[in-house]
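Below: one structure, written as structure tokens.
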Amino acid sequence: MDKYDHQSIEHAWQERWEAEGLYRSRVDWNRPKHYALTMLPYPSGDLHMGHWYAMTPSDARARVMRMKGYNVLFPMGFDAFGLPAENAAVQRNIHPAKWTYENIDRMRSQLRSMGAMFDWEREAVSCDPDYYRWTEWLFKRMFEHDIAYRGEAMVNWSPTLQTVLANEQVIDGKDERTGQPVVQKLMEQWFFAITRYAEELLRFDDIDWPEPIKTMQTNWIGRSEGAEVTFRTEAGDEIVVFTTRPDTLWGATFMVLAPEHPLVDSLTSEEKSAAVSAYREQAARQTELERMEESREKTGVFTGGYAVNPVNGARVPVWIADYVLLSYGTGAIMAVPAHDQRDFEFARQFGLDIVPVIHPTGEAPLVEPDMTESYVGPGVMVNSGPIDGVEATLAKGRANPSIAATIDWLEHNGAGTESINYRLRDWLISRQRYWGSPIPIVHRADGGIEAVPDDELPVVLPEDVAFSGRSPLTTFEPFLHTTDSAGQAATRETDTMDTFMCSSWYWFRYLSPHAADAPFDPEEAAYWLPVDVYTGGAEHAVMHLLYARFFVKAMRDMEVFADTIAAMRAHGRDPEGLFEEPFLMLRNQGQILGEERTGDHLVIDGERDGERVVASGVRVDPDAGPGDGLVVGELLRRTENLLLVDTGDDMVNVEVPETASVDIPDIAGVNDVNQLKHHLDVQRMSKSRGNVVNPDELVERFGADTVRTYLMFAFEWQKGGPWDSRGIIGARRFIEDVWKLGTVAYAPDAVDDEASVALRRRVHQTIAKVDEDMLDFKWNTAVAALMTLRNDLQEAQRTAVVAPAVWTEAVETLLKLLAPIAPHVTEELWRRRHDESVHVQPWPQADPDVAREEWVTMILQVNGKVRDRVDVPVSISEEEAISIALASERVQGFLDGGEARKVIARPPKIVNVVV
RNA sequence: GCCGGGAUGGCGAAAUUGGUAGACGCGACGGACUCAAAAUCCGUUGUCCGCAAGGACGUGGGGGUUCGAGUCCCCCUCCCGGUACCA
């Protein structure tokens, strides 16, 4: 028996699989297809644990499907445009293309070390002209169908990055990548009309996606039912407002416009003009961040103008305030302070009228001066003319009687219409950046724009450019100057596309990455589409996954799939419903965090103040013992400047005032409380925290099979969790044990039929368990079941009484079931026994008759507490079960000579005797 | 604040969806092998009481439903993710 040497085995098999083309996937209409997709990585430089965690289980499942007889496509590529490459260019004077392709080369070889069944012939790289030619082509189709349009809009401008960001990329008024503030700026930009698909994007009927993702997308789209109501200014201009509560119109006592609203100028009276423009300037200067950091106190100014409430002719003052956003609804609201908390606060702030129009259910009528907050509960409409007495419920839209009545009234009287509003805004795809797909548009001398002809695509990024801060496209003359369709001088569009554009269609390019006359080959697409299962991180819940869905729906409407549908029909496949959604099934993995650590060992000097200690000095010293300070112990928890310290026999609360000194020898410079490490402080892995676990080193030391097995075993996949470097040894022992079982010469001393039957039973139970768990993404329990089979095989080897055929079936089943998880070691062991690859073996099938247990342990309870256990045949009847239970000595003891009041029997599981 | 998800041994986690709580693994402890250590093998390992047989307690906290609750219902606490003046 030779020793398990993971390095030689893994290298050898990776090379041989590649040479044999084991993982090439070809269209074969005689076999069912399975398109498994895992999110493509950004080529940042090195593959990290997160990639392994996401990809290797996805690979394992694809392998199971393959062994189950499916023709499986499992491709890989790189999402290669983006800002980091450009930053590298500026900082290190290396061309973005060079930086990107070098990273791709390194990551490709790291990906190969996983031993995954990626079909590298189908690799697609989004920054290849071969690829972005078709990104441009898709943009052009969008342009032709008016889905892509040019519009002026308040945009999120990042002064740091010198570019515009999508709403999805702005978190808390800061850029999600750099954390730098973002300001509002009016600019002409390219948009995709994703809002046109809002309604369709809310439907998830035919796809199997996690509920949280569906909820997040639904919230992001933010559908609101209500009405648009037209108010008229005294100058005769119309102000349209959107409201979800048209029934409260009779309580509208003023209006508020967004500071940027176009009607502000004409509304503003002369004496208010200075105050209004001052307020508008101040609002424009503010970043979103500043708006949020401000106290929630409402600000605003009166324009001096008035409008007329169309339901009752009331004259209402028009204000401007920054709590009304130009980009949502119509940029103007009717304010109903009695029944909207924001309006209420505003009205109190500026002494505006508050008129209640809902009489709360079961309470006294609202009296304005006594109100301390708005009333948003149910009741009956009052002071509301035609809808007085109508019930107002908590239901939204027409489901609420008062809203339905009001909408009918508005429509009948021409004052408004039923309307639906979305929080979702059109997708801003312009980026003032170099390293992205060019937008194939030229600007004519006459100010018009036109698309670059298809046969001139792609508009190629010029290579020989210099990088500073701004995009070189804006100044590089050879790129800038071109001619339009009439041969006149024209300039190129210098914006490039958001990289989410590239990743919104990449799974189509995988089908035929070299196709020269279409984004994808209809013959390939007709067979492989749609994607059957998609795996990746939940952080893409609203951006990538929403854009991807939008793209497929838009492509469908632009008839990009016409040839594919024709090809499907030619092959007898029904295309109905196959081009509505990109990914039929979606599953998200969690995140692997940095390793847990113990808290700092602290020495604290200071004074006791009742229960707590107020520190004068805090020092980290691992060697300190009791008596070295007032409080000595491990830091368990820190909340702001409050520490919870475990001294070994007590928990002490310590307050660390700003004046206290903090000394952490490992961290240079002046230290503060925030730098103290507390117990169980787990964080995302990052270079700056120094808690990155490098998969390359683990693969070198333990082997890819062990790393794969451990990642699948140690976590609940959807959840993730902190890395534990101690646990990996368990996976390694398991792989080594499999090696020993697979290489040992088994020769029983004697054969015991009962032991043989028992082992076979366990084998078939394991098949059923692993099969179910692997399809259901429960890798941890699948591996646990295989470990249990390992334990049984070791036992069988020790006792040496099972029949050789049973032993062989057990070992070979273990190899086949483990092959998707640990593809190298199982291949080596299998090929020592057989000529073919283990990876093309049929997936084992559980025989229920073999797996069935004959005897089980029945639980005997008295008053619901377990008092005895007895082995019974599974077929035991209720009567037999009860008589066995009552005959039990232990049960008798609790009966104490008396009668059972009641006996509940669930044979053969349990009998509960109630006394 | 609102919307999701969660809390089970020293640790990662299981639990056929109302029926033996803690499978599987890590760690720890004891033993074997060894001059010794590592590796490996065997055993123990929820807590408490008990020499033992056994008993009591135990799935974040409090109540409830049930013969029986980690699982269902109500209330509360804490943690994670998303989102936030959306009219």
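Residue numbering restarts at 1 for every chain, and letters A, B, ... go by the order of the sequence lines.
Defined by atom type and a distance below 3.5 Å, a donor-acceptor pair is present between the side-chain atoms of A:H6 and A:R732. Looking at A:D343 and A:Y323, their side chains do bring a donor and an acceptor atom within 3.5 Å of each other. Side-chain N/O atoms of A:T195 and A:D426 include a donor and acceptor closer than 3.5 Å.
Distance from the side chain of A:K740 is smallest for B:U40 among the nucleotides B:G68, B:U40, B:U83. In the set B:G55, B:G19, B:A87, B:G55 carries the atom at the smallest distance from any side-chain atom of A:R867. Checking B:G19, B:C24, B:C41 against the side-chain heavy atoms of A:I904 singles out B:G19 as nearest. Of the candidates B:G12, B:C67, B:A15, the closest approach to any side-chain atom of A:T781 belongs to B:A15. Residue A:K909 has its side chain nearest to B:U16 when only B:G27, B:C67, B:U16 are considered. Counting only heavy atoms from C-beta on, A:R869 has its side chain closest to B:U20 among B:C3, B:U20, B:C86. Side chain of A:R890, nearest nucleotide from B:G54, B:C86, B:C26: B:G54. Here B:A13 is the nucleotide among B:C67, B:A87, B:A13 with the atom lying nearest to any side-chain atom of A:N780. Relative to the side chain of A:R790, the nucleotides B:U20, B:C24, B:G27 differ in distance, and B:C24 lies closest. Which of B:C85, B:U20, B:U83 sits closest to the side chain of A:W220 comes down to B:U83.
The C1' atoms of B:A23 and B:U45 are separated by 15 Å, rounded to the nearest whole Å. Using atom C1' as the reference point in both B:G18 and B:G70, the two lie 11 Å apart (nearest Å). Here the separation of B:G54 from B:G60, taken at their P atoms, is 29 Å to the nearest Å. For the C1' atoms, the distance from B:G46 to B:C80 is 26 Å, rounded to whole Å. Nucleotides B:U59 and B:A15 place their C1' atoms 11 Å apart, quoted to the nearest Å. On the C1' atoms, B:A14 is 27 Å away from B:U65, given to the nearest whole Å. Between B:C3 and B:C11, the distance separating the two P atoms is 32 Å to the nearest Å. Across the P atoms, B:G25 and B:C75 are found 42 Å apart, a figure rounded to whole Å.
Aromatic ring centres of A:W779 and A:F713: separated by at least 6.0 Å. A distance of 6.0 Å or more separates the ring centres of A:F254 and A:F350.
Taking a cutoff of 4.0 Å between a charged side-chain nitrogen and a carboxylate oxygen, A:E345 and A:K298 qualify as a salt bridge. Checked for salt-bridge contact, A:E418 and A:R398 meet the test: a charged N lies under 4.0 Å from a carboxylate O.
Taking the ring centre of A:W52 as origin, the terminal cationic atom of A:R708 falls outside the region bounded by 6.0 Å and 45° from the ring axis.
Put simply, the side chain of A:R798 and the base of B:C41 share no donor and acceptor less than 3.5 Å apart.
Among the protein residues, A:N791 comes within range of the sugar-phosphate backbone only, with heavy atoms under 4.0 Å from sugar or phosphate atoms but none that close to a base. Nucleic acid contact for A:S224: sugar-phosphate only, since backbone atoms but no base atoms lie under 4.0 Å from a heavy atom of the residue. Note on A:R901: nothing from the nucleic acid sits closer than 4.0 angstrom, heavy atoms only. Within 4.0 Å (heavy atoms only), A:I729 reaches sugar-phosphate atoms of the nucleic acid but no base atom.
Base orientation for B:U34: anti, the chi torsion being more than 90° from 0. The glycosidic torsion of B:G9 lies within 90° of 0, placing the base in the syn range.
Across all strands shown, B:A69 forms no Watson-Crick or G-U wobble pair with both distances under 3.5 Å.
Note: CD1 (A:I213) to P (B:C3) measures 19 Å, nearest angstrom.
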Taking only nitrogen or oxygen atoms into account, show me every contact under 3.5 Å that the protein makes with nucleotides 5-7 of chain B, one pair per line with its distance.
none

Give every donor-acceptor pair under 3.5 Å between a side-chain atom in residues 855-863 of chain A and any protein atom, sequence neighbours left out.
{"from": "A:T857", "atom 1": "OG1", "to": "A:D871", "atom 2": "OD1", "distance (Å)": "3.0"}
{"from": "A:N863", "atom 1": "OD1", "to": "A:V915", "atom 2": "N", "distance (Å)": "3.0"}

